[in-house]
S.K.: 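After the structure tokens below, expect a handful of questions from me.
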Amino acid sequence: MNKRLSIRDLTLRDGQQSQFATRMNQAQVDRVLPYYREAKFYAMEVWGGAVPDSVMRFLNESPWARLESIRDGVAGVSKLTALSRGRNLFGYNPYPDSVIEGFCRNSVKSGIDIMRVFDALNDIDNMTSTIRFVKENGGMADCAVCYTVDPKFTFKERVSSFLRGKKLPGELFGVPYFVHKAKELAAAGADMITIKDMAGLVEPATSAELIKTLKNEVGVPIDLHTHCTPGYGTASLLMAMVNGVDIIDTVIMNFSGGPAAPAYEIIQLLADRLGIDTGVDKAAAGKINRELKDIRGDLVKFDQYKRLPPEVDLSDYTPAPELASLLDGAAEAAVAGKADETLRLCQLIEASFNYPEPDKIVQRAQIPGGMYTNMMSQLQEMKLEHHLDEVLHIVPQVRLDAGVPPLVTPTSQIVGVQAVNCIVDKAQGKPFYSNVSKNFVELVKGSYGRTPFAIDPEFRQKIAGVREETPYDTSKYKKQPNPEIPEFGGVHLATDEKEELLLELFPSVADKFLRGVREASFKDYLASLPPEPEPDEGPYPQAFWENLSLAMEA
């Protein structure tokens, strides 16, 4: 067991995205930055994911200004980290190296110290360019392996598949798979490896075995990232801690639990019992938590649970005897390797902090909570919600047909939507895959990368019109237009490289946002001009009008 544990705080990115639809505005972020500067977390995840899109779409704010304000507010005390989907960045289709390089260079320049790079298929080829460009520009590459579990088939389904001559995979996603991927990423230049468990599916016993093996076989720091949805989160982090994990991801208490990551405060209480130093200033963390309670009140319409935890400030906090006993017992059970007992006690600890109960559907179906919610919404729109069990039942088959992709964004949504489409086909008396989404076609075709399990060529022919895997051709990529806007003085829509990148990565959202920025700038410019001369003094000289668009460009 390491006696030093680094904490990556996720509150300002993953925490608010998981709990409050990424609606923290700049003023709310600014309120907590002085306390983060005092807290001295090893790292803070503050950008990437849904943040750039959401701050433009819903808050009319600049993603680059958001990042740079946090950089200035934290002043280098904690490393700032962002999330990037490798060659896909924020979309579905891969981008050419020119876009990836520009994004990485500007991200590092604007404050990112660590770029967490992942690929939804765990296809290393989709990550290598980002790793290279991040490191070339002075950043650290945190390479994530997306955690997932094998699809579950009944004995009857396995026999039926065998009789039809269809191959079912054996164990794909055991510990050896993740260790192999981690070694590949270390060889590709990873400065650290994250096991990225977005669905919270890593169980405590698996967490212990996986972290122990990674620490024995991979020579870079190991981070475990998980969530609380099915109820394993705190226990799995604790089992990782006693097996030598270097970094874990947590969220400040008022933004933790449920679909988010476990609370820093609970992990700190357990670390204290294990004699592990996190280096975090407890009093400062308490100040952040108090401020977040008020901010959570401001975000109440996005709060799906509305269950506040009790007040916790670890600089002046003594657990009640019952809670202290649970904390002591959980730490002892983890050290002894008793995973089931660790889980039982940790769930009682979470309950004492008013966490939502474990999501049994997500736990049983072994799918991300967001995937389940989206499938349910899709069925409700068509008044077919009574078919939910059928959809859940065929998810493993649809996933197998598509090459058994890990169920993370965006593959979880692609598989989930297609599973619903198949049940709708059945309800209409049609065969499965009569209706397929564009994204499912591209996944099967090979446009998004190599799947963990080979796709049947006959199925690929049926769905995508080709038998062989066909990668996306980035040479055919067309740069987004950057038009002049006559009504705002003839300036271009994007006036610098960072704004051009927003157009490339979020075309429709950035177009609307940047038009608003240009309009506001133009109005400010006009307001700054001296009054127009009276008619008898003549019009502005021709040179004024000729130079107006040049001034606006500058």
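When reading the values below, keep in mind they use all heavy atoms of this one structure, side chains included, and skip hydrogens, waters and symmetry mates.
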S.K.: Using 30° and 60° as the class limits, which term best fits the ring planes of Phe90 and Phe506: parallel, tilted or perpendicular?
M.R.: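 Judged by the thresholds at 30° and 60°, the geometry between Phe90 and Phe506 is tilted.
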
S.K.: Quick one: does Asp277's side chain have a donor or acceptor within less than 3.5 Å of a partner on Arg4's backbone?
M.R.: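 Here the side-chain-to-backbone pair does not exist.
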
S.K.: A side-chain contact here means heavy atoms from C-beta on lying under 4.5 Å apart; do Asp223 and Ile248 qualify?
M.R.: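 No, too far: nothing below the 4.5 Å cut-off.
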
S.K.: For Pro259, does its backbone N or O pair with a side-chain atom of Gln19 as donor and acceptor, under 3.5 Å?
M.R.: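 No; zero donor-acceptor contacts below 3.5 Å.
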
S.K.: Tell me whether Glu519 is salt-bridged to Lys523, with the criterion being a basic N under 4.0 Å from an acidic carboxylate O.
M.R.: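 A salt bridge is present here (some side-chain N lies under 4.0 Å from a carboxylate O).
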
S.K.: Could you check whether Asp249 pairs with Arg116 (Lys NZ or Arg NE/NH1/NH2 to Asp/Glu carboxylate O, under 4.0 Å)?
M.R.: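 The answer is yes: the pair qualifies as a salt bridge.
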
S.K.: Just wondering, are more than 12 heavy atoms of other shown residues or ligands nearer than 6.0 Å to CZ in Arg132?
M.R.: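 Check passes, neighbour count above 12.
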
S.K.: Please check: side-chain N/O of Gln16 versus main-chain N/O of Met24, any donor-acceptor pairing under 3.5 Å?
M.R.: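 Side chain of Gln16 to backbone of Met24, a donor-acceptor pair under 3.5 Å: yes, one is there.
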
S.K.: Tell me if the CZ atom of Phe20 is crowded by more than 12 foreign heavy atoms within 6.0 Å.
M.R.: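 Counting other residues, nucleotides and ligands, CZ of Phe20 exceeds 12 neighbours.
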
S.K.: Does the ring center of Phe41 lie less than 6.0 Å from the ring center of Tyr264?
M.R.: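 Aromatic pair counts; centres sit under 6.0 Å.
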
S.K.: Would you confirm whether Ser107, through its side chain, and Ile112, through its main-chain N or O, come within 3.5 Å as a donor-acceptor pair?
M.R.: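 No, because the side chain of Ser107 does not come within donor-acceptor range (under 3.5 Å) of the backbone of Ile112.
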
S.K.: Quick one: do Arg290 and Asp294 make a salt bridge, cutoff under 4.0 Å?
M.R.: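 So Arg290 does not pair with Asp294 through a salt bridge.
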
S.K.: Do Arg66 and Glu61 meet the salt-bridge criterion of a basic N to acidic O distance under 4.0 Å?
M.R.: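 Salt bridge flag = yes for Arg66 with Glu61.
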
S.K.: Out of curiosity, Tyr448 OH to Asn93 CG, how far, rounded to the nearest 0.5 Å?
M.R.: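 These two atoms lie 5.5 Å from each other.
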
S.K.: Under a 3.5 Å cutoff, is there a donor and acceptor pairing between the side chains of Asn106 and Ser110?
M.R.: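 Side-chain D/A pair, Asn106 to Ser110: absent.
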
S.K.: Give, for atom NZ of Lys181 and atom CG of Asp119, the distance between the pair rounded to the nearest 0.5 Å.
M.R.: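 Atom-to-atom, Lys181:NZ and Asp119:CG are 8.5 Å apart.
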
S.K.: Does the Arg37 side chain pair with the main chain of Val77, one donor and one acceptor, at a distance under 3.5 Å?
M.R.: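 Here the side-chain-to-backbone pair does not exist.
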
S.K.: Should Lys479 and Glu500 be marked as a side chain to side chain contact (heavy atoms under 4.5 Å, CB included) after you check the CA-CA gap, both sets of side-chain angles, and the distance that decides it?
M.R.: CA-CA 10 Å; Lys479 186 177 174 64; Glu500 289 177 1; 4.0 Å; yes

S.K.: Do Asp359 and Thr229 have side-chain atoms, one donor and one acceptor, less than 3.5 Å apart?
M.R.: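 No, no side-chain donor-acceptor contact under 3.5 Å.
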
S.K.: Which residue pairs pass the salt bridge (Lys or Arg N to Asp or Glu O under 4.0 Å) test when at least one of the two sits in residues 258-269, sequence neighbours left out?
M.R.: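 Checked against salt bridge (Lys or Arg N to Asp or Glu O under 4.0 Å) - neighbours excluded - no pair reaches residues 258-269.
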
S.K.: Using 30° and 60° as the class boundaries, would you call the ring planes of Tyr317 and Phe353 parallel, tilted or perpendicular?
M.R.: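 Tyr317 and Phe353: tilted rings.
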
S.K.: Side chain to side chain contact (heavy atoms under 4.5 Å, CB included), that's the test. Do Gln418 and Leu443 meet it? Break it down for me.
M.R.: CA-CA 11 Å; Gln418 190 55 52; Leu443 173 62; over 6 Å; no

S.K.: Do the side chains of Lys498 and Glu68 get close enough for a salt bridge, i.e. N-O under 4.0 angstrom?
M.R.: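 Salt bridge flag = yes for Glu68 with Lys498.
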
S.K.: Salt bridge between Asp123 and Arg87, side-chain N to carboxylate O under 4.0 Å?
M.R.: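 Here Asp123 does not pair with Arg87 in a salt bridge, since their nearest N and O are not under 4.0 Å apart.
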
S.K.: If every non-hydrogen atom of Asp496 is compared with every non-hydrogen atom of Glu499, which pair is closest and at what distance?
M.R.: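 Closest approach of Asp496 to Glu499, heavy atoms only: OD1-N, 2.8 Å.
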
S.K.: Pick one: which of Ile414, Val420, Asn421 meets side-chain contact (heavy atoms from CB on, under 4.5 Å) with Val417?
M.R.: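 Option passing the side-chain contact (heavy atoms from CB on, under 4.5 Å) with Val417: Asn421.
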
S.K.: How long is the span from the CG atom in Leu493 to the CZ atom in Phe488, to the nearest 0.5 Å?
M.R.: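 Between Leu493 CG and Phe488 CZ, I get 10.0 Å after rounding to 0.5 Å.
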
S.K.: If every non-hydrogen atom of Ala141 is compared with every non-hydrogen atom of Ile131, which pair is closest and at what distance?
M.R.: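 For Ala141 versus Ile131, the nearest heavy atoms are CB-CG2, 3.9 Å.
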
S.K.: Please find the pair of heavy atoms, one from Val415 and one from Pro405, that lie closest to each other, and give the distance.
M.R.: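 Looks like CG2-CG, 4.0 Å.
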
S.K.: One pair to check against side chain to side chain contact (heavy atoms under 4.5 Å, CB included): Tyr477 and Glu504. What are the steps and the verdict?
M.R.: CA-CA 11 Å; Tyr477 179 82; Glu504 294 301 314; 2.3 Å; yes

S.K.: Strictly distance-based, threshold 3.5 Å: is any side-chain N or O of Arg296 a donor or acceptor partner for the main-chain N or O of Asn254?
M.R.: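 At least one qualifying donor-acceptor pair exists.
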
S.K.: Sub-3.5 Å donor-acceptor pair from the side chain of Asn354 to the main-chain atoms of Leu308, do we have one?
M.R.: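 Here the side-chain-to-backbone pair exists.
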
S.K.: Where the side chain of Arg23 meets the backbone of Ala21, is there a donor-acceptor pair that is under 3.5 Å apart?
M.R.: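 Checking the backbone N and O of Ala21 against the side chain of Arg23, a donor-acceptor pair under 3.5 Å is found.
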
S.K.: Using modelled atom types only, decide if a donor and an acceptor are shared between the side chain of Arg8 and the backbone of Tyr42 within a distance under 3.5 Å.
M.R.: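 Flag not set: sc Arg8 to bb Tyr42 has no pair under 3.5 Å.
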
S.K.: Is any side-chain heavy atom of Val134 closer than 4.5 Å to a side-chain heavy atom of Met140?
M.R.: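 No, every pair of side-chain atoms sits at 4.5 Å or beyond.
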
S.K.: Does any non-hydrogen side-chain atom of Pro452 lie less than 4.5 Å from one of Asn122?
M.R.: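 The answer is no; the side chains never approach within 4.5 Å.
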
S.K.: Can you find a heavy atom in the side chain of Pro63 that is under 4.5 Å from one in the side chain of Met56?
M.R.: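 Sidechains of Met56 and Pro63: in contact.
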
S.K.: I'd like to know if the side chain of Gln17 reaches the main chain of Ala50, judged simply by a donor and an acceptor atom lying under 3.5 Å from each other, with no hydrogens or angles considered.
M.R.: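 Yes, the answer is positive, given that a donor and an acceptor are paired below the 3.5 Å cut-off.
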
S.K.: Going by heavy atoms in the side chains, are Gln413 and Asn439 under 4.5 Å from each other?
M.R.: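 Answer no - side chains too far apart.
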
S.K.: Has Lys196 got its NZ or CZ under 6.0 Å from the middle of the six-membered ring of Phe118, at an angle within 45 degrees of the ring axis?
M.R.: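 Cation-pi check for Lys196 and Phe118: passes.
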
S.K.: Check for me whether the distance between the ring centres of Phe302 and Phe58 falls short of 6.0 Å.
M.R.: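 Distance test on ring centres: not under 6.0 Å, no.
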
S.K.: Decide yes or no for Met253 and Ile266: does some side-chain heavy atom of the first lie under 4.5 Å from some side-chain heavy atom of the second?
M.R.: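 Yes, their side chains come closer than 4.5 Å.
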
S.K.: Quick one: side chain to side chain donor-acceptor pair (under 3.5 Å) pairs with a partner in residues 69-85, sequence neighbours left out?
M.R.: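 Applying side chain to side chain donor-acceptor pair (under 3.5 Å) to every pair that reaches into residues 69-85, excluding sequence neighbours, yields Gln26-Ser69.
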
S.K.: Strictly by modelled atom types, are Ser207 and Tyr232 linked by a side-chain donor-acceptor pair under 3.5 Å?
M.R.: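 Distance-only check fails for Ser207 and Tyr232.
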
S.K.: Could you walk me through whether Ile295 and Val32 pass side chain to side chain contact (heavy atoms under 4.5 Å, CB included), step by step?
M.R.: CA-CA 10 Å; Ile295 292 171; Val32 297; 4.1 Å; yes

S.K.: NZ of Lys306: more than 12 outside heavy atoms within 6.0 angstrom?
M.R.: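 Count over threshold, so yes.
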
